[in-house]
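Okay, so here's the structure we're looking at.
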Amino acid sequence: MFTFTKTARALGAALAIGGALAAAAPAHAAGTLNVAITQDAGSWDPIDTFVTWWGSVGSNLYDGLTMRGADMKLQPGLATSWEFLDNDTRIRFKLRENVKFHDGEPFDANAVKFTFDRLLGAEGAKGPQQSNYNSIDKVVVVDAHTVDFMMKRPDPVILTKLAGYGGMIVPPKYIQEKGDAYFNEHPVGTGPFKFVEYKPKISLTLARNDEYWGGKPKLDQVVYRFIAEPATQVAELQAGRVDIATAVPLGLVDTIKKSSNATIVSTSGPGTVVARYDTSRGITKDRDVRRALIMAVDRDAIIKQLLLGYAKPIASFQGDLSFGYDPALKPLPFSPAEAKKLLAKAGVKPGAAIQLDIRGSDSQFREVAQAIAGYLQGVGIKTTIKPYETPVLINDIIPQGKTGEMWQMYWGGWTYDYDNTAYLMYHSGQKWNPYDKDAKLDAMLEAQRNTYKVDERQETLREIAAYVADNALEMPLYALDTVVGINKRVKNLSVPGDIRFRFVDASVD
């Protein structure tokens with residue numbers, strides 16, 4: 001019925017090209033860790049980005065009031081403790097003392113207030129991070145090492161958000177004197193490494209912060225190289241010019257494993273992939289048809305054969321590290337026979353056509369989409385795959401409700417909390433929800449946002465996941481593993497799923 005293609009197609013040639021580039025690259029210096037990331041964020045200001053690759057750099061330049069370890073567990077950062085006061089309308093943070101920014105400026109309560117006044121003000125409005133923190137009304141300085149966050153409304157994810165990109169604490173005096181444009185390219189934080197040099201589109205170099213409050217890092221320098229082509233990252237890794245390759249094509253995993261100087265580390269990642277449905281018209285308006293399409297596709301085979309096992313099946317739009325994940329919720333089984341029965345019962349005749357919209361630049365999902373089309377052909381559904389430029393798909397086609405019957409949706413879930421996905425995908429009026437208006441679902445989504453009770457929230461989030469699955473608002477596909485290539489000279493490296501490395505304990509031989 002359907003034949004899988006090999007994911008490594010054409011990568012050999014790219015690897016050869018990458019090898020030529022590697023030969024021209026300078027050898028690594030002692031004490032220097034070289035990291036390949038795919039994108040230059042363009043600005044190193046925390047309020048200017050939501051790009052994953054920014055986090056790989058920013059987590060070494062900056063600290064938040066809270067932070068997460070590689071195990072994703074929340075822990076104190078620049079705040080040593082916090083408490084909820086006045087019926088949870090005020091959060092008091094005790095701040096770490098004797099901490100300095102990289103320019104020598106002291107970290108204190110005024111720096112926290114400045115950071116959030118800026119984030120919630122006109123400068124923050126220019127970037128994508130402000131909306132993540134608009135539950136905060138204002139920050140009030142209590143004393144030099146105590147601040148109160150006055151909340152407009154409950155925000156049970158706020159402590160996690162404070163460990164995120166926009167919540168990184170920035171230096172008031174430095175920004176006021178140098179200006180925002182200068183700060184973008186000459187960042188200053190309190191993190192374990194400090195800025196040395198930025199070459200746009202080429203590299204960014206950081207040096208050890210000897211006075212870091214969390215302990216003096218073992219590395220002398222970290223050099224980030226911006227290498228967009230994954231196969232080139234692998235070539236540089238194999239040549240010893242890169243110590244960490246953050247974008248590894250699955251077709252080259254075995255090549256790295258066989259290498260004498262590199263290895264592969266994989267872990268559960270935040271990236272989750274589904275095919276969402278237009279529930280407002282056409283055959284996908286029918287719940288039974290949507291369920292039939294799910295049952296027609298062998299997702300386990302796709303994971304095994306196309307993704308080489310570096311993904312996990314899902315029943316809801318979240319991975320197993322997400323708060324709200326329910327291991328008891330199982331995806332619909334692969335059953336073409338049952339799918340055909342449901343389609344016949346719904347009056348869908350063989351040869352019925354649907355369209356699946358995808359990101360044209362995503363070569364990995366293109367093969368997945370072809371597999372989906374092959375499986376749907378097996379139950380009598382003809383699928384046209386329509387590629388779009390990614391900005392067009394996510395900024396125009398989806399929000400304007402101009403999709404086909406199905407469309408590719410990838411979501412990172414940077415908070416590792418199902419709310420960050422569920423509210424944006426399913427609540428009426430949200431950008432990513434052009435078709436559904438469900439009062440019951442809206443009420444559940446709002447309820448879990450209005451309580452700080454952990455058990456109550458988890459129960460509600462699991463109910464939301466079950467409700468969405470029962471109504472088949474999407475075809476759950478898989479949660480991607482994070483796959484990283486690492487030079488064997490690197491020691492004591494923790495690999496977080498969101499690749500927000502903190503190189504405090506890492507070293508190189």
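Only heavy atoms go into these numbers, but all of them, side chains included; no hydrogens, no water, no symmetry mates.
Under the rule for a side-chain hydrogen bond (donor to acceptor under 3.5 Å, both in side chains), the partners of Ser259 that lie at least two apart in sequence or sit in another chain are Asn261. Under the side-chain hydrogen bond (donor to acceptor under 3.5 Å, both in side chains) criterion, Tyr224 pairs with Asn60, sequence neighbours left out. Residues that satisfy the salt bridge (charged side-chain N to carboxylate O under 4.0 Å, His left out) test with Lys431, not counting sequence neighbours, are absent from this structure. Legend: residues meeting ring pair (Phe, Tyr, Trp, His ring centres under 6.0 Å) with Trp411, ordered by chain and number and at least two apart, are Trp432. Scanning for salt bridge (charged side-chain N to carboxylate O under 4.0 Å, His left out) contacts around Lys488 gives an empty result, with sequence neighbours left out. Legend: residues meeting salt bridge (charged side-chain N to carboxylate O under 4.0 Å, His left out) with Lys218, ordered by chain and number and at least two apart, are Asp505.
Under the 6.0 Å cut-off for aromatic ring centres, Tyr325 and Tyr418 do not qualify, their centroids lying 6.0 Å or more apart.
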I'd like a table of donor-acceptor pairs (distance under 3.5 Å, sequence neighbours excluded) in which one partner is a side-chain atom from residues 197-204, with atom names and distances.
from   : atom 1 : to    : atom 2 : distance (Å)
Tyr198 : OH     : Asp40 : OD1    : 2.8
Tyr198 : OH     : Asp40 : OD2    : 2.8

Can I get a per-line list of side-chain donor-acceptor pairs under 3.5 Å for residues 147-157, giving both atom names and the distance, sequence neighbours left out?
from   : atom 1 : to     : atom 2 : distance (Å)
Asp148 : OD1    : Arg92  : NE     : 2.8
Asp148 : OD2    : Arg90  : NH1    : 2.8
Asp148 : OD2    : Arg92  : NH2    : 3.0
Arg153 : NH2    : Asn134 : OD1    : 2.8
Asp155 : OD1    : Val157 : N      : 3.1
Asp155 : OD1    : Ile158 : N      : 3.4
Asp155 : OD2    : Ser135 : OG     : 2.6
Asp155 : OD2    : Lys161 : NZ     : 3.1

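For the pair Tyr62 and Phe101, the minimum side-chain heavy-atom distance is 4.5 Å or more. Looking at heavy atoms from C-beta onward, Tyr165 lies in side-chain contact with Thr49 at the 4.5 angstrom threshold. Contact check for Arg68 versus Asp498: side-chain heavy atoms found under the 4.5 Å cut-off. Counting heavy atoms from C-beta on, the side chains of Arg502 and Asp63 come closer than 4.5 Å. Looking at heavy atoms from C-beta onward, Leu61 lies out of side-chain contact with Phe193 at the 4.5 angstrom threshold.
For CD of Gln430, the number of neighbouring non-hydrogen atoms (other residues, nucleotides, ligands) closer than 6.0 Å is greater than 12.
The side-chain tip of Arg299 does not point at the ring of Tyr478 from less than 6.0 angstrom away and within 45° of straight on.
Sorted by first and then second residue, the pairs that involve residues 94-110 and meet side-chain hydrogen bond (donor to acceptor under 3.5 Å, both in side chains), not counting sequence neighbours, are Lys94-Thr146. Sorted by first then second residue, the salt bridge (charged side-chain N to carboxylate O under 4.0 Å, His left out) pairs that include residues 171-181, not counting sequence neighbours, are Arg118-Asp180. Residue pairs satisfying the ring pair (Phe, Tyr, Trp, His ring centres under 6.0 Å) criterion with at least one member in residues 233-256, sequence neighbours excluded, are absent. Within the structure, ring pair (Phe, Tyr, Trp, His ring centres under 6.0 Å) contacts touching residues 485-509 (residues at least two apart or in different chains) are Phe501-Phe503.
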